[in-house]
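Data first, discussion second: the structure below is written as structure tokens.
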Amino acid sequence: MSPRRTDAGGRIDRLRTIRFTFDGAPYTGHAGDTLASALLANGVTLFGRSFKYHRPRGVLTAGVEEPNALVTVLRGEVREPNIAATMAEIYDGLTAVSQNRFPSLAWDVSAANQLGGKLLSAGFYYKTFMGPAIGPLKSTRFWMFCEHFIRRAAGLGRAGTAADAARYERMNAFCDVLVVGSGPAGLMAARAAADQGARVILSELEPHFGGSANWSGETIDGMPGADWAARAAGQLEGYDNVRLLPRTTVWGYYDGNTLAALERVADHKERPGKGEPRHRYWIIRAKSVVLATGSFERPLVFPGNDRPGVMLAHAAERYANEYGVLAGNRIALFTNNDSAYRSALTLKKAGAAIVAIVDVRSELSSRMRELADEAEAKILFGHAVVATEGGKALSGVKVQRFDMVNGALAGEARSIQADCLLMSGGWSPTIHLASQAGAKAEWNAARQAFLPPKPTQQWIGAGAFTGSFSTAEAIAEGRAAGLSAAGGTGAPTALPVVEAAPGGPDPAPVFEIRADGKSFVDFQHDVTAEDVRLAHREGFVSVEHLKRYTTLGMATDQGKSSNIPGLAIMAEALGKPIPEVGTTRFRPPFSAVSIGSLAAERFGDLRPERLTPMHDWHVANGATMYSAGLWYRPMIYGHPGETIEQAYVREARATRESAGIVDVSTLGKIAVQGPDAAEFLDRVYTNMFSTLAVGKARYGLMLREDGLAFDDGTTWRLGEQDFLMTTTTANAGKVMQHLEYFLDVIWPELKVHVTSVTDEWAGAAIGGPRAREILAACVTGTAVDNATLPFMGIVHGKISGVPVMICRLSFSGEMAFEVYSGAGYGALVWEALIEAGKPFGLVTYGLEALNTLRIEKGHVTGAEIDGRTTARDLHLDWMLSRKKPFIGSAMMDREGLIAPGRLELVGLISLDNQPLNGGAHIVEALDEANPHDSIGHITACCYSPALGKYIALALVKDGKARRGTRAHISDPLRNRFGPVEIVSNHFFDPDGSRMHG
């Protein structure tokens, strides 16, 4: 039998022995153990070293809030640091090592930091390494000298460099009710909502459902709480409308009732099952959320409260009831509330000797005295623990009389021999998710804790989360919350009967015992009570400043155990009540999230890859693909032996001579709908859209608020209140943000809804002299002649039985049409168009040819709309309406935007028949040895098959006035110099005769 394993009890499988190693030493545990419970069972008390002082630390808690017992788990060459031993389930072959120590956990040379005293107090790094005023290390040189050593010492665990071979997944889920936490409140909420027919997801961060029912020792409905919870979870498993997610931490609450969760699918296994990921990242969108996340027990702040063997009372109770492990053999308890008495009785029944219960309160209820008598414990009421004794393990505590009213100590301190001290400083509801959802937490003086704020999103609280700490209250609140979340009422029904130990939930308002020695508030960062007072003395009195100056509540801890004691000490220093001091806002993630799960299936990619519905066809048919923003698009469809230039020239020439087709699915597409949609577009665009007829499209230009050009594209009127806006590929997201900002902030009264539908539509643009014939050969349900489908007209028909929407518009200068279909049918429609075009010489062309066609036509894109140009610079001033205001109209006529000498759009023709380069400067007088006096630059260039010359678009100072003159290209980086002619930007079909047919 292990040194501290009880003879019976717990939910571990004592018939299954698990072998694992910690710091190279072999140990055994049982199936169901955590690393913390298994090591405690083996008599291990030293788990780690503290961050700054490298003090010996033992396990403090039994759950996700553990600040001390952080280990690194090794899987082959892969290291994963900062794993809480309390959350790591053991499996055969588990290899874990302690961290933040050298050369070993038992003998750590950095423990000498404890001698640093005030030199290592809060904020020491801001003040210590500024450098002496004189000498060789003056100014910043001292910091440069120290930086290497500081960075080596910083941090907790050490990250690995080996590639992670594990697989990760992402999941999107939708439900009517998401229940977070599966204690009695969560189980009742899930059952009530499911009985109403709601789609329910129940998440639980532990391996087993039931929460506190698994370790409280209470009886529910005549059976042990753990059995009741197992039965309730089993019943839920039989529901078709319920999804159970064990080992799943909901770590973030975002707008629109969107929550993020991490499921630890295979961390508890030696190796994942076939096709099984290690972690699964869930994005859950819920109509309503029930937060039943329970509460955390708080430590008390007193000298030596961090010594190995000092633990939270409920944690020891849980180790005994869940794992059959005693936290110690001779146990003392230190408390300011009733819950510790239940823990004392539990541990007595498990086989431990309870040597004393030290209670700061001077008066106790008769029920607490009865529990203490049953536990055979001596009560020292009106006393406090003022010190602990021992080295790497606890050997005793010192107690002294304590006046709870003024915090004064009296009399002589006396020692009590004990190998474990359990402390209980009250309970803090786990309100992290509610805080993330919005609004400030509300202080409750009776509970001495912050309770959740009033909901600003669709969530309902239940159980200890709301400050209702009894199981009976949790069950009642859980059922009511589940019914409310599902929109039901439910007939009155008998609730499970709970038999629980007596005791009130309210603690005495005592957080710190002030005595000699270091008293720790934040165990993870070695933040002491004196550090908090130092922050106050140095002016860091805001809770947010306190957090950053002292590091209180940062890293994996996130204030789970340290937040309230730290705020209480600051409030005392300020002479203010705690609610006036306030609390920090909890930020996601609630607990650590693996980066691999966030990347998931995109592991190995630097950024997302967006593929059009025709992507596979392009690749199969010889396209050379490259990225255009996040999209992958065909560059060319090269023939064997062709250069890039030869390929795009061939594709562009064929399009001019017969017809060409290009994939335009990447264009931004935004549905603008509502009674005020036309009015909204009039305000967004520089030209008028309210006069646009249904079934027609119009080219539009947007300005920024500062009057500079922002984006251009066409918008199609599909109905009186229904428009489809298209944007450039690169600006799709920016335009969407632009529209949402003005609707949400500037014009909230407008009845308009905007929706990104870029991925809903596949698009193909087909242009050239024979484009209409090709469409006529494959489109059914509508004619495509000039009368039916005039320039900028829209028709609806079918291709190969697939509904399509066709608009006649052109960016190439040819008669052209854009054909849109549902994204799922994009490849089918694309192939049908290509098959219909074979008799007419149709070619596919890529971005290089597309760019060539638009340069020949003189059409602008993002290279010219670069955030510095105006509509006038681009010769689009004909689109600036004088009949209405629009975004940017108030600023577009500023002196600087209409002054002479601005860069204006022009065309360039190479006079030496050599290629031009994008970005090359244009000068009036060529000086290769000393390039200077640039008058502009090239924005886009190509070889023009229509002109048989190298041409470019450029922005040139007073460009319009320079047409017909000559200048020079000056490109010293690429050693390209040569003469050019400045011409109109419209190289091809300037009158639009080909485009209009």
Side-chain angles (χ1 to χ4, degrees), residues 624 634-639 642-662 765-771 810-816 841-864 874-875 904-920 922 936-956 959-960 962-969 971 974 976-996:
T624 299
M635 178 172 65
I636 57 169
Y637 297 85
H639 290 174
E642 277 188 327
T643 65
I644 293 175
E645 182 178 290
Q646 289 169 341
Y648 80 70
V649 168
R650 171 181 51 78
E651 292 169 2
R653 180 180 288 115
T655 301
R656 297 276 189 220
E657 292 175 354
S658 55
I661 184 171
V662 64
I766 182 169
R770 309 201 72 178
S810 175
F811 292 90
S812 63
E814 299 292 339
M815 178 181 291
L842 178 70
V843 298
T844 53
Y845 65 92
L847 280 186
E848 292 297 317
L850 176 68
N851 203 39
T852 298
L853 296 173
R854 76 96 180 171
I855 292 172
E856 289 179 338
K857 181 61 181 173
H859 188 79
V860 296
T861 63
E864 292 77 37
L874 304 175
H875 312 308
E904 296 176 341
L905 182 65
V906 299
L908 299 179
I909 297 177
S910 172
L911 297 179
D912 59 5
N913 202 32
Q914 294 298 311
L916 303 172
N917 298 316
I922 303 157
H937 62 275
I938 292 176
T939 59
C941 51
C942 67
Y943 179 83
S944 168
L947 278 66
K949 300 175 181 178
Y950 287 101
I951 63 172
L953 295 178
L955 292 170
V956 174
K960 191 172 183 179
R962 294 178 184 269
R963 290 179 184 174
T965 67
R966 295 190 175 189
H968 298 271
I969 295 300
D971 191 359
R974 287 167 285 201
R976 169 72 172 101
F977 304 93
V980 293
E981 182 180 2
I982 301 176
V983 298
S984 167
N985 56 298
H986 298 298
F987 296 98
F988 180 81
D989 190 35
D991 60 358
S993 58
R994 292 173 66 94
M995 181 171 63
H996 290 277

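Side chains of T852 and V649 form no contact here, defined as non-hydrogen atoms less than 4.5 Å apart. By the 4.5 Å heavy-atom criterion applied to side chains, L916 and I969 are counted as neighbours. Looking at heavy atoms from C-beta onward, I922 lies in side-chain contact with L908 at the 4.5 angstrom threshold. Taking 4.5 Å as the limit, every side-chain heavy atom of R966 sits out of range of all side-chain heavy atoms of I982. Residues P769 and R994 form a side-chain contact, since some pair of their non-hydrogen atoms from C-beta on lies under 4.5 Å apart. By the 4.5 Å heavy-atom criterion applied to side chains, I644 and E848 are counted as neighbours. When side chains are defined from C-beta on, C942 counts as touching I951, because their heavy atoms get closer than 4.5 Å. Counting heavy atoms from C-beta outward, D989 and M995 have side chains that approach closer than 4.5 Å.
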Side chain to side chain contact (heavy atoms under 4.5 Å, CB included) between Y637 and E651, worked out:
CA-CA 8 Å; Y637 297 85; E651 292 169 2; 3.5 Å; yes
Applying side chain to side chain contact (heavy atoms under 4.5 Å, CB included), run through L955 and L874 and close with a yes or a no.
CA-CA 9 Å; L955 292 170; L874 304 175; 4.3 Å; yes
Given side chain to side chain contact (heavy atoms under 4.5 Å, CB included), test E864 with T939 step by step and report yes or no.
CA-CA 6 Å; E864 292 77 37; T939 59; 2.6 Å; yes
Checking side chain to side chain contact (heavy atoms under 4.5 Å, CB included) for the pair V860/F811: CA distance, chi angles, key distance, verdict?
CA-CA 9 Å; V860 296; F811 292 90; over 6 Å; no
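Taking both residues in full, the closest heavy atoms of E856 and P945 are given as OE2-CD, 3.2 Å, listed atom of the first, atom of the second, then distance. Between G858 and L905, the closest heavy-atom pair is O-CD2, 4.4 Å. A pairwise comparison of heavy atoms in G978 and D912 identifies CA-OD2, 3.7 Å as the closest pair. The two residues A652 and A849 have their closest heavy-atom pair at N-CB, 4.0 Å. Of all the heavy atoms in S810 and G813, the pair that sits closest is OG-N, 3.1 Å.
Under a 3.5 Å cut-off, the side chain of R650 and the backbone N or O of G638 do not form any donor-acceptor pair.
Residue-environment remark: CG (L947) exceeds the threshold of 12 foreign heavy atoms within 6.0 Å.
For the pair R656 and F988, the cation-pi test (distance below 6.0 Å, angle within 45°) is passed.
The distance from the CD atom of E904 to the CG atom of N985 is 10.5 Å, given to the nearest 0.5 Å. Taken from CD in E814 to OG in S658, the straight-line distance is 9.5 Å, to the nearest 0.5 Å. Atom CG of N917 is separated from atom CG of D971 by 5.0 Å, given to the nearest 0.5 angstrom. Taking CD1 of I909 as the reference point, atom CZ of F987 lies at 6.0 Å (rounded to 0.5 Å). To the nearest 0.5 Å, atoms CG (N851) and OH (Y845) are separated by 11.5 Å. With rounding to the nearest 0.5 Å, the separation of CG in L953 from NE2 in H937 is 11.0 Å.
Side chains of R854 and T861: a donor on one and an acceptor on the other come within 3.5 Å. In the model, E642 has no side-chain atom that pairs as donor or acceptor with a side-chain atom of Y648 under 3.5 Å.
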